[in-house]
Each structure stands twice: as structure tokens, then as C-alpha cells.
There are 2 protein chains.
Amino acid sequence: MNYIGEAAPDCRAADAIVAQIEQRIAAGVLVDASPLPSERELMLEFGASRTVVREAITALSNRGLIECKPRFRPVVRRVGYETLMIATGPVIRQLLNDPRGVKSLYDMRVFTERGLVRDAALRATKSDIQNLKAALAANQASISDSDEFYRTDTAFHGTLYQISDNPVFPAIHQGFFSWLAPHWDRMQRLPERNEQNYLAHKTIYEAILERDPDAAEDALIEHLAAAWEFVRDTFDWEDDATR
Amino acid sequence: MNYIGEAAPDCRAADAIVAQIEQRIAAGVLVDASPLPSERELMLEFGASRTVVREAITALSNRGLIECKPRFRPVVRRVGYETLMIATGPVIRQLLNDPRGVKSLYDMRVFTERGLVRDAALRATKSDIQNLKAALAANQASISDSDEFYRTDTAFHGTLYQISDNPVFPAIHQGFFSWLAPHWDRMQRLPERNEQNYLAHKTIYEAILERDPDAAEDALIEHLAAAWEFVRDTFDWEDDATR
DNA sequence: ACGCTATTTTTGTCGTACTAAACTGAGTGA
DNA sequence: TCACTCAGTTTAGTACGACAAAAATAGCGT
């Protein structure tokens, strides 16, 4: 069995072109945000037919390395960790068709944030804490406006993802947010629930302030468990534990 | 701004076909491991040219929803969490061109396993512990055979990923393993290092046995930090902190 | 120098054709 | 009867040409 991300020994002509272009993007020959050469140029350059060139382009597009607007030139996009989320998007959407997929993903989120708040409690800098405080204040200020509260809620959690200096985390936050959003949009939002969530955030914040990772983790678990109860009702899962 | 995993209002004909086929796979009309209809059939069915059909097929292939061997019929593959890793593979490879990418990913692994060992210490069942014990024994038995040790080492960590009942974790383990493997292959392996790693595994195991999450986490951190020191040397990073 | 229009590219899609490989079934031999 | 071989058929991979529509560009007029 091969590795997961492998390429079989190139049998398709397009794969070779894909590899070449990938390399050029990595090497910086093709600069970020600049358009790809036209298909004809690529044909000449690689000595392939337009069919193959176009196939390569779609492949690169699906991999998230270039951005293809319908009738425009493809644009090179230097890969960042957001690109990961683009590539995973379609698959995730498939997985979320099954409510269990939503649960699994949500559990992943809980797992991640548990680790994050622990780390925050242990290693948050002054500036981190200031950011958290600001996010919390914004959160409190918007309790009565459910839409705005949703945004500041997300932002508060996002701040947690930024405390770690690992650039992967903000991308993951973006991913969780956009994947789970459709399900959260269906949840009814009420000021009293907002209040409850705000208080949970506050508890987490204070635990971080007191450098108490266990308390922070417990508060987060309780917070997200409560939130899950709100969301689970929006599913029309027919409780088919069989399938 | 759109969601991350969205599809723009279909302007490309292929996208419509992709969506249709995606839906059929999700609905179970196209069964797992069964071949896709031939391109001609799809042409007739969707009233599109072969070009478009083929484009849709490559897209599905890149998304990991079907498996395309060079001259064979594409095979439907019901998406699981491994599919995620397939989709992310190419992007990850790009990110790993930069040593900082390797570091970020490795840190993600450390972060993940820290949470996993904590959970294991708190919630591992008898059967989990038995699995860990077996993995540890296999690990010990292969200290002198570096190749075999590498396998059992990976398996030991993999056991940690399986303790959580979340199916995402085993997939993540597969991902970490295959992405980081190329770098680890370059690391020289010596029996004494194997011994050292085995002892670290044993410490982790014992901490889990004693239901001590902090000790387990600390042992894991130390273990992976030491392993990182071994790997970092294999990079030819010119210490360009500028870029 | 600026805005509008006409011309040229370029992309998206279609059709056809040809090659080589995989699939199918009939026929042959043990 | 079964397995095996070999031709014929189907299909994927690739190439070439064509055309409409949209974008990019050049040219024109003011």
C-alpha cells in the first residue's frame, strides 16, 4: 500500500505538468496572486495538448494551489494553512451528511480547544490575555444582539486558537467555523442563551487568568457540552444507531 | 467572503456533474468500491461532452471521492476520514517544503498526542490498556531491528489515537505518519536510540496505567521533544529566519 | 489624457479521431 | 468440465480542430 499523499508513477500526462507547476509555485517562479500563463503557452512549454493542460489546471485548482474564476485566468495562490481547509472542504461536506460526522467533528473541536485552553492557562502572555479580555468584552456587549453575539462568540474562541503560535490553529478554527456553521445557523439563538454562553466564556477567561489549566479545561468542556445540546436538537437524525 | 468549502454558483458545467455524482455517492446510489459508469454513459446521462465529464471525474478524483487507476474504470470510494488525508496530501507536501512547515506540523502532532495521552490516562479501558501493553511489548522486542522498531514505534503511537473513540483520530495518525515519514526516513536509527524511545514509551504507558494525566503528558512531551532533536538535524535549513 | 469601441485573446465547451490497454467471449486443449 | 489462449470489442488517454462568449487589449475619437 502506498503512502496517503503519494502520486503513482506518472502514467497520466497531466500529473507531470501538475508536478512541474507545483514545483514552480513552491520555488517562487510563479508568484502569489499572479495569473498562470495562458493555456496555449503551457501547451507549447510542456508539449502537451490543451486537453492535458486543462486537466492539470483543474487538478491544481482542486488541490487549492490556484484559484479559478470561471472565465478568468487562473491565479496562483501560495499555499497557506487555509488552503488545507479548501482542499478538505468537499470531503468534510460529505462527512457532515451523516450526523455522526457532525458529532465527530464537534468532538474534534472540543478536543482541540481543551488543549488550547490548557496551554493558554499555562503560557498565555500579557498580550494574549489582553486579546482575550477584549474579545470577552465585545462578547458581553452584544448579548442582546444575537447575530453580533454569534460573531463575537466565534471571535472569542478564535482568540484561543491564536494564542498558540502555531499557524495551523487559526486555519483549523476557520475550518471548524465554516464547516459547523450551517448546523449552528439552524440553532435558535436567544439572549438568555447568549448570556449563558458569555458567562461560560468568562469562567474560561478567569481560569486562564488564574493559570489554572484544569479549571479552564473543565469550564470549556461544560461550555461546549451545553452548546452541543442546543445544536443536537436541530438534527433530524432518526436515531438510527444501526447504520 | 464565502465559506471555505463552498462552490460558487455553477458556471462550469463540470461542477454540476460533480455535485450530482457527489450526491449519488452520499445517497448510496453509487456503491462503495463499484466502478463508475463509463464516460460515454455519463455523457449521455448528463448531456455533456466527454471533455466535461472527464473534468468532473478528475475533480472527483482529486477530492478523493473516487479512485482513478490509469487505465481502469474509476472506482467509487465512500468517504471516510482517510479521504481527508488524501485530499490534504498535496497541499501538505507543499507546506513541508518549508522546514517551518515541518515544525508546525510536528507541533500539531505533539499537541494532539498530549491531549490523547491525557485522555488515555483518564479514560482508558482495560482493553485499551491491553492494546497499549501489547504495542509496548512489540516495541521492546524489536529494539535491535531498527526497521521493525520504526513500525512498532508508529504502532504504539497509533494505539494512542485509537483509544479515543473518535474515528477522526486514526485518520490523523495516518496523516501525520505519512507526511512526516519522508523526514523521519532520513534520520539515522540506532539501537541505543530505539532503547531510549522504548523507555519513553514505557514511561508514558506507566503514567497512563497510574491514571496520572500530567505525568503522561510530561513524558510524552519529553519523548517527542527528544525525537524532534534527532530529526531537526536532517534538515538542510539554512536558518533563514528572515523569510 | 481619458473614455468608448472594435479587434484580438483566451476560456469553456463540443466533436472527432486514433492508440493502447482492459474487458469479453468464443474456441481449444488437457 | 475446466482452464487457458486469442481474437474482437469496449474504454480510457491523448491529440487536434472548431466555435461562442467573455475578457483583455488596442485603437479611436474627443
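Not measured: the values here are computed from a predicted model. Below, chains carry the letters A, B, ... as their sequence lines are ordered, and counting in each starts from 1.
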Next on the checklist: Under a 3.5 Å cutoff, is there a donor and acceptor pairing between the side chains of A:T88 and B:T88?
Outcome noted: no
Checklist entry - Would you call A:E22 and A:R78 a salt bridge, taking side-chain N to carboxylate O under 4.0 Å as the test? => result no
Checklist entry - Rounded to whole angstrom units, what separation is found between the CZ atom of A:F72 and the P atom of C:dG12? => result 11 Å
Checklist outcome for this item: In whole angstroms, the gap separating C1' of C:dT11 from CZ of A:R73 amounts to 10 Å
Checklist entry - Side-chain donor-acceptor pair under 3.5 Å between A:S164 and A:D119, yes or no? => result no
Next on the checklist: As a test of reading the structure: which of C:dT10, C:dG12, D:dT11 is closest to the side chain of A:S38, going by heavy atoms?
Outcome noted: C:dT10
Checklist outcome for this item: Ordered by number, residues from residues 40-68 of chain A within less than 4.0 Å of DNA chain C (heavy atoms) are A:R40, A:R50, A:R54
Item to check | Whole-Å gap separating P (D:dA22) and CD (A:E39) | outcome: 17 Å
Next on the checklist: Could you check whether any side-chain N or O of A:S61 sits under 3.5 Å from a backbone N or O of A:I57, counting only pairs where one atom can act as donor and the other as acceptor?
Outcome noted: no
Checklist entry - Hey, does the side-chain of B:R71 have a donor or acceptor N/O within less than 3.5 Å of a partner on the base of D:dA12? => result yes
Checklist outcome for this item: The bend of the helix from C:dA1-D:dT30 to C:dA30-D:dT1, taken between the axes of its five terminal pairs at each end and rounded to 10°, is 10°
Next on the checklist: Parallel, tilted or perpendicular: which one describes the rings of B:Y161 and B:H173, with boundaries at 30° and 60°?
Outcome noted: tilted
Checklist entry - Taking all atoms of both residues into account, what is the closest heavy-atom pair of A:F111 and B:T112, and its distance? => result CZ-O, 3.2 Å
Checklist entry - Does CD in A:E45 sit with more than 12 non-hydrogen atoms of other residues, nucleotides or ligands closer than 6.0 Å? => result yes
Next on the checklist: What I want to find out is whether A:K103 reaches A:D107 closely enough, with some N-O distance under 4.0 Å, to be called a salt bridge.
Outcome noted: yes
Checklist outcome for this item: With the side chain defined as heavy atoms from C-beta on, A:A13 is closest, among C:dA22, D:dA12, D:dT14, to D:dT14
